[in-house]
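Note that the coordinates shown come from a computational prediction; the quantities given were computed from them, not determined experimentally. Atoms within each ligand, like the ligands themselves, are counted from 1 in listed order. Just so it is clear, the values below take in all heavy atoms, side chains as well, and ignore hydrogens, waters and symmetry mates.
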Amino acid sequence: MKQFALAELVGAASGRIVDTALPQPASGEVRVRVEAVGLGFVDDLIVSGRYQWKPQLPFVPGGEIVGTVEAVGEGVQGLTTGTRVAAWRMGGGLCEYCTLPAGYLVPVPAPLASADAAGMVLDYATADYALIGRGQLRKGDTVFVLGATGGVGGAAVRIARAAGAEVIAGVSNLSQGDKVLADGASAVVDCSAPDWRDQLRGHPLDLVFDPLGGAFTEPAFRSLGKLGRHLVVGFAAGGIPALPVNLPLLKSASLVGVDVRFFAESDPEGFRQRLALVFDQAARGSLRPPETLCFSLGEAAAAFAALTRRGRGGKVVVCPQLS
Ligand SMILES: NC(=O)c1ccc[n+]([C@@H]2O[C@H](COP(=O)([O-])OP(=O)(O)OC[C@H]3O[C@@H](n4cnc5c(N)ncnc54)[C@H](OP(=O)(O)O)[C@@H]3O)[C@@H](O)[C@H]2O)c1
């Protein structure tokens with residue numbers, strides 16, 4: 001079988017498609033025929049050696065995995081061949097077949113396409129954990145989502161809207177406005193404008209979802225209403241900002257850290273249940289999956305190159321069974 005592997009963490013361009021033996025499931029594992037693998041911001045950091053966690057080499061990237069169970073190892077109960085499942089790992093997905101611990105798997109409901117499910121695994125789990133788990137989002141809250149066109153930002157717009165919140169979407173280019181409005185935002189803020197914070201006046205915010213950091217964090221925090229919560233999700237805009245600590249005091253507001261890996265590792269069952277809920281909402285049509293940009297396994301390096309393109313407009317997904 002084929003896999004996309006890196007011998008060094010010097011960027012995806014150094015990755016090669018290599019032939020390797022079909023993996024056999026050990027006790028407690030299943031072998032999955034991989035149908036779709038989502039890639040995100042963190043995957044690019046990992047393959048270029050810029051992430052705090054360093055994998056063993058050679059490394060097969062891609063951890064947002066969806067596929068069909070093809071063989072079941074000893075001691076696995078309640079999972080049969082032919083079941084479609086999803087898992088989130090730190091890598092190992094960019095291949096035709098992989099083995100996964102049965103305890104990590106979440107069933108994928110039939111109406112949901114594999115590419116759509118793979119595009120949801122990390123981004124929707126993160127947005128759900130941030131908004132509902134850490135942010136205590138309530139129906140009727142007003143949520144400002146920075147980076148609303150990105151993977152986790154887009155998921156936050158859709159999840160907040162599905163939970164009954166009013167969503168204001170921050171974009172870096174107003175040409176992206178129609179898309180976030182279609183995702184459920186009720187207003188769009190052009191964050192490329194120097195006075196973008198003025199566009200939030202008259203909307204005291206209950207929550208800020210912040211995957212950008214940099215110069216965006218402080219003005220967004222200043223726009224919170226009393227008892228507001230600012231969710232620190234990431235630093236896609238580059239810099240790690242500092243915040244004057246009188247601001248939380250003045251607002252009785254909270255700065256809330258979001259680390260979905262901590263959630264998945266400290267409460268694996270809770271993580272699985274939340275992801276299953278998100279899949280169920282998508283299968284029933286109450287939550288939209290992301291738009292996907294699909295690549296074959298042979299195009300894995302190109303898929304990584306797409307990750308770093310601004311204004312990409314979709315979630316990058318590699319479909320290893322595509323020729
Ligand atoms: N805390 C967690 O557990 C967790 C989990 C997953 C991801 N993350 C983090 O979340 C962040 C986003 O990840 P992602 O996978 O959603 O990335 P992504 O899909 O590439 O989205 C990035 C978003 O940031 C915007 N952006 C990038 N650079 C910008 C700049 N200089 N100014 C303004 N906007 C900018 C992009 O806007 P355009 O569309 O205009 O390019 C896009 O909306 C990353 O820092 C990642 O590490 C955190």
Per-atom filter on ligand 1: closer than 4.0 angstrom to a heavy atom of F216 are 32 (N), 33 (C)
- prompt: For ligand 1, is there an N or O atom under 3.5 Å from any N or O atom of G150?
  reply: yes
Considering only heavy atoms from C-beta outward, does the side chain of R229 approach that of D141 to under 4.5 Å?
-> yes
Ligand 1 to F235, heavy atom cutoff 4.0 Å, flagged ligand atoms 45 (O)
*Taking N or O atoms only and a 3.5 Å limit, does R310 qualify as a polar contact for ligand 1?*
yes
| request: Report yes or no: does S286 contribute a side-chain atom to a donor-acceptor pair with the main-chain N or O of Q281 at less than 3.5 Å? | output: yes
request  = Indicate yes or no: does R288 engage D183 in a salt bridge with an N to O separation below 4.0 Å.
outcome  = yes
So that I can tick it off, tell me whether E96 and K2 are bridged by a salt bridge, with the cut-off set at under 4.0 angstrom between side-chain N and carboxylate O. no
Review point. So is there a nitrogen or oxygen of D259 less than 3.5 Å from a nitrogen or oxygen in ligand 1?
Key: no
Are the side chain of R84 and the backbone N or O of P109 linked by a donor-acceptor pair below 3.5 Å? yes
field: Verify same cluster id: L247, V232 (apolar side-chain graph, 4.5 Å)
entry: yes
inquiry  = So is G238 touching ligand 1 or not, going by heavy atoms under 4.0 Å?
reply    = no
Do R274 and F263 have side chains that approach each other closer than 4.5 Å (heavy atoms only, starting at C-beta)? yes
The answer for which part of V152 has a heavy atom under 4.0 Å from ligand 1 is both
Query raised in the report: ligand 1 and D123, any nitrogen or oxygen pair closer than 3.5 angstrom?
Result: no
Any Y124 side-chain heavy atom under 4.5 Å of I159 side chain
yes
Ligand 1 atoms nearer than 4.0 angstrom to some heavy atom of S172 are 37 (O), 38 (P), 40 (O)
Could an N or O of ligand 1 be found under 3.5 Å from any N or O of G151, whether backbone or side chain? yes
Under 4.0 Å between heavy atoms, the region of V260 that gets near ligand 1 turns out to be both
| said: Considering both backbone and side-chain atoms of Q176, is one of its nitrogen or oxygen atoms within less than 3.5 Å of a nitrogen or oxygen in ligand 1? | reply: yes
Rounding to 0.5 Å, atoms OG (S186) and CD1 (I168) come to a distance of 6.0 Å
Check this for me - ligand 1, G311, N or O atoms closer than 3.5 angstrom, yes or no? yes
- Message: Taking a cutoff of less than 4.0 Å between a non-hydrogen atom of the residue and any ligand atom, is K315 in contact with ligand 1?
- Response: no
- prompt: So is V258 polar-close to ligand 1, meaning N/O to N/O under 3.5 Å?
  reply: yes
Q.
If you define the side chain from C-beta out and look only at heavy atoms, does anything of L200 sit under 4.5 Å from W196?
A. yes
With a 4.0 Å cut-off on heavy atoms, does V233 reach ligand 1? yes
